[in-house]
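Being a predicted model, the structure only gives us computed values, none of them experimental. By convention in this document, chain letters (A, B, ...) are assigned in the order of the sequence lines, proteins followed by strands, and residues within each chain are numbered from 1.
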Amino acid sequence: MATVRTRFAPSPTGYLHIGGAWTAFFNWLHSRNQGGTFILRIEDTDRSRSTEEYEAAILEDFRWLGITWDEGPDIGGPVGPYRQTERGHLYARYAQELVKRGAAYPCYCTPEELDAERRRAEAERRPYRYSGRCRTLDADQRAAFDAEGRKPSLRLRVRNLTEPIVVDDAVRGRVVFEPEHLDDYIIVRSDGTPLYNFANVVDDHLMRVTLIIRASEHLSNTPKQFVMYQALGWTPPAVAHLPVILGADRKKLSKRHGDTAVREYRAQGYLPEAILNFFALMAWHPEAEREVYELDELIREFRLDAIGRASPIFDLDKLTWLNAVHMRRAIERDLDRVVTLCAGILHRAGLLPETLSDNQRRYLGDVIKVVGDRLRIGRDILDYADFFFRDVAFEPEAAAKHLTAASAPLLAAYADALAGVEPFERSAIEAALRRVCAEAGVDARALVHPARVALTGKTAGPGLFELTELLGRERAVARLHNAVEYVRRAAV
RNA sequence: GGCCCCAUCGUCUAGGGGACCAGGACGCGGCCCUCUCAAGGCCGAAACGGGGGUUCGAAUCCCCCUGGGGCCA
């Protein structure tokens with residue numbers, strides 16, 4: 001049996017989005033599961049919207065996700081080039097071939113003429129199909145049009161089909177398309193550029209793709225493409241149409257739904273292994289009743305025929321939860337990686353320089369350990385640990401509740417106690433706090449909460465004593481005094 | 001409008017004629033733990049869209065309806 005060859009073929013007209021990445025991931029998973037080859041092809045025939053920057057960004061996002069390709073525009077391969085704009089000669093060759101076989105013909109209809117046809121069909125309330133009036137033009141008539149300066153497009157002959165087109169889809173099962181709904185469609189524009197349904201077929205065949213896994217929005221394109229395979233005498237690859245990922249409003253996930261670009265998730269500090277884990281749970285699920293997986297488990301367990309047919313809704317909460325799980329693992333297994341992740345986020349927030357000294361990295365590592373489970377995504381570092389990197393700014397409600405005339409003397413006493421704590425580490429700090437409270441005859445809570453607000457500006461966050469140790473004696477004492485001063489000034 | 005696809009808790013899903021008064025997870029609520037917030041533990045509310053068949057028996061098979069989605073125009 002021939003080895004499996006799958007592909008993903010993005011248009012570089014924007015950043016890699018969730019839907020595309022998910023589709024690519026299933027292609028990749030399947031090829032890895034089967035020991036096959038995964039191809040990346042750039043569909044940049046739409047020159048007005050395609051840019052090199054987007055292409056580079058898409059490649060970069062795939063690398064970040066850990067989705068690697070065996071053949072592609074940057075590394076080449078045996079059936080390249082892998083960029084459609086570099087394959088013009090191939091499309092020209094097969095367009096000619098189709099004409100020679102009588103399977104395609106030039107169409108001289110202008111947009112206005114076609115529009116008129118369409119409106120007539122609409123007025124008569126029948127479904128519009130191209131009339132096919134150019135399919136019978138003889139050489140003289142064509143020459144006349146040419147002499148007029150008309151530039152023909154190229155259409156594929158599909159109207160005379162009598163047999164239904166049967167698509168045996170690996171996830172959808174057998175789908176039958178009746179020939180009377182099929183139309184002669186344009187494969188090459190009058191300016192000579194190939195259309196999607198044409199370039200796609202030529203590329204998939206020439207690149208020896210054995211299985212096309214793509215979104216089901218392409219399902220209706222499939223019969224058209226099958227006609228072309230037939231016309232060229234080619235065997236079509238197997239197809240598998242994935243459902244479409246929907247937003248919360250049940251419409252196809254798009255920019256309207258907020259963040260859809262993979263790099264936006266990267267910027268917020270999502271982990272690629274969490275995103276991939278999450279991807280594996282949409283329209284598919286490994287056999288066990290478990291949700292957290294490592295990549296190698298997913299590769300091992302992936303089964304194309306277990307893919308669901310219903311459209312999943314993108315659930316950000318679940319992604320974030322999964323990210324938290326993987327984040328905990330990452331902190332445990334590779335703290336340095338999380339340090340790098342958070343350093344970037346803190347830098348972009350203006351709290352750290354771009355490059356850190358070894359000491360700064362070590363300190364950030366300690367901060368991350370203290371924040372611990374609270375770090376669901378990288379960005380959370382800003383909510384839970386900003387005060388390690390900037391002066392405190394009291395949250396108004398927090399200050400109103402805890403920085404009061406009642407707590408000020410306790411804070412002052414605690415500042416004095418901390419000044420003498422030796423060594424300055426968590427258990428000694430805790431003992432000092434409890435001693436201050438005992439002497440004042442109050443419950444520890446009466447000082448714990450005000451102290452937290454004094455040191456961090458907030459009511460929620462890491463353990464008070466760990467955080468204090470990490471802040472260091474000097475900053476802790478100064479912040480306590482500052483809070484006392486704040487109360488005094490507020491009283492005036 | 002035409003064609004095609006889809007349908008189990010709010011969400012992701014398990015289930016494929018009896019194992020199902022439907023299992024897991026996210027989210028939500030409660031309790032425990034606790035210096036706060038998380039994490040963790042325990043408990044809870046929460047679904048087979050409707051109607052017809054087939055069958056001794058249907059979430060599971062068939063048909064219709066409804067709803068949703070995609071593509072084309």
Considering every strand shown, what is the Watson-Crick or G-U wobble mate of B:U36 when both distances are under 3.5 Å? none
Find the distance A:L433:CG to B:U36:P and express it as a whole number of Å. 13 Å
Considering every strand and a 4.0 Å limit on heavy-atom distances, what is the contact class for A:G372: base, sugar-phosphate, or nothing? nothing
Mark up nucleotides 67-73 of chain B, 5' to 3', with B wherever a protein heavy atom is under 4.0 angstrom from a base atom, S wherever such an atom reaches only the sugar-phosphate, and - elsewhere. --SSS-S
Please list, by residue number, the residues of residues 162-183 of chain A whose heavy atoms come closer than 4.0 Å to an atom of RNA chain B; answer none if no residue qualifies. A:R172, A:V175, A:F177, A:H181
Would you measure the distance from the P atom in B:A25 across to the matching atom in B:G44 and give it in whole Å? 12 Å
Pair A:D383 + A:R376: basic N to acidic O under 4.0 Å: no
Distance check, P atoms only: B:A59 and B:G1, in whole angstrom units. 34 Å
Strand partner of B:A45, provided both Watson-Crick or wobble distances fall under 3.5 Å: none
Between B:C63 and B:A7 - P atom distance, rounded Å: 14 Å
Short side-chain donor-acceptor distance under 3.5 Å, A:T320 and A:Y270: yes
Nearest-0.5 Å distance, NE2 of residue A:H30 to CD1 of residue A:I213: 6.0 Å
Of the candidates B:A25, B:U11, B:A39, the side chain of A:D315 sits closest to B:U11
Using whole Å, what does the distance between atom C1' of nucleotide B:U34 and atom CD of A:E430 come to? 12 Å
Per atom distances to the A:A310 side chain, the nearest of B:A7, B:A39, B:A38 is B:A7
By the ring-ring contact (aromatic ring centres under 6.0 Å, His included) test, which pairs, at least two apart or in different chains, include something from residues 440-485 of chain A? A:H402-A:H449
Any base atoms under 4.0 Å from A:L464, or only sugar-phosphate, or nothing? Heavy atoms, all strands. base
For atom P, what is the distance between B:A38 and B:G27, given to the nearest Å? 12 Å
Base, sugar-phosphate, or nothing: which does A:P243 touch, judged by heavy atoms less than 4.0 Å apart? nothing
Taking A:E466 first and then A:R374, would you say they form a salt bridge - that is, a charged N and a carboxylate O separated by under 4.0 Å? no
If we call it a pair only when both distances are under 3.5 Å in a Watson-Crick or G-U wobble match, what pairs with B:C26? B:G10
Within a radius of less than 6.0 Å around CZ of A:R329, do more than 12 heavy atoms belonging to other residues, nucleotides or ligands occur? yes
Between C1' on B:G10 and NZ on A:K318, what's the gap in Å once rounded to a whole number? 13 Å
Between A:R189 and A:D191, does any NZ, NE, NH1 or NH2 come within less than 4.0 Å of an OD or OE carboxylate oxygen? no
Base, sugar-phosphate alone, or nothing: which one does A:R426 contact when heavy atoms must sit under 4.0 Å apart? nothing
Write down the distance separating the C1' atoms in B:G49 and B:U36, rounded off to the nearest Å. 45 Å
Quick one: label A:R328 by what it contacts on the DNA or RNA (base, sugar-phosphate, nothing), any heavy atom closer than 4.0 Å. sugar-phosphate
Mind checking whether A:H326 and A:F278 have ring centres under 6.0 Å apart? no
Which whole number of Å gives the distance between the P atom of B:G68 and that of B:U55? 35 Å
Now, which nucleotide makes the Watson-Crick or G-U wobble pair with B:C61, with each of the two distances under 3.5 Å? B:G53
Nearest-angstrom distance from the residue atom CZ of A:R129 to C1' of B:G1: 16 Å
Give a yes or no on whether a salt bridge exists between A:E397 and A:K401, defined as a side-chain N under 4.0 angstrom from a carboxylate O. no
Nearest whole angstrom, please: distance from the P of B:G27 to the CD1 of A:I313. 17 Å
Heavy-atom count around A:D391 CG within 6.0 Å, excluding the residue itself: above 12? no
Round to the nearest Å and state the distance from A:H326 atom NE2 to B:C26 atom C1'. 15 Å
What nucleotide, of B:C35, B:A38, B:U36, holds the atom closest to the side chain of A:D373? B:A38
Looking only at B:C6, B:C35, B:U13, the nucleotide nearest the A:R309 side chain is B:C6
Below 4.0 angstrom, N of the basic side chain to O of the carboxylate: do A:D204 and A:R7 qualify? yes
Kindly say whether, by distance alone, the side chain of A:R374 makes a donor-acceptor pair under 3.5 Å with the base of B:C37? yes
Integer angstrom distance from the P of B:G18 to that of B:C12: 26 Å
Using a heavy-atom cut-off of 4.0 Å across all strands, would you classify A:R452 as base, sugar-phosphate, or nothing? base
Separation of B:A39 P from A:W321 CH2 (nearest whole Å): 11 Å
Starting at the 5' end of RNA chain B, which residue's closest nucleotide do you reach first, A:P462 or A:E289? A:E289
5' priority, RNA chain B, between A:F465 and A:L319 [closest heavy atom]: A:L319
Write down the distance between CG (A:L242) and C1' (B:C6), rounded to a whole number of angstrom. 14 Å
Answer yes or no: is there an ion pair linking A:E273 with A:R333, defined by an N-O contact shorter than 4.0 Å? no
Describe the nucleic acid contact of A:E466 in one word from base, sugar-phosphate, nothing, applying a heavy-atom distance below 4.0 Å. base
Looking at A:R303 and A:E301, is there a salt bridge between them, counting it only when a charged N and a carboxylate O are closer than 4.0 Å? no
Distance between the C1' atoms of B:U60 and B:G40, in whole angstroms? 38 Å
Taking any strand in view, what nucleotide pairs with B:G2 in a Watson-Crick or G-U wobble way, both distances under 3.5 Å? B:C71
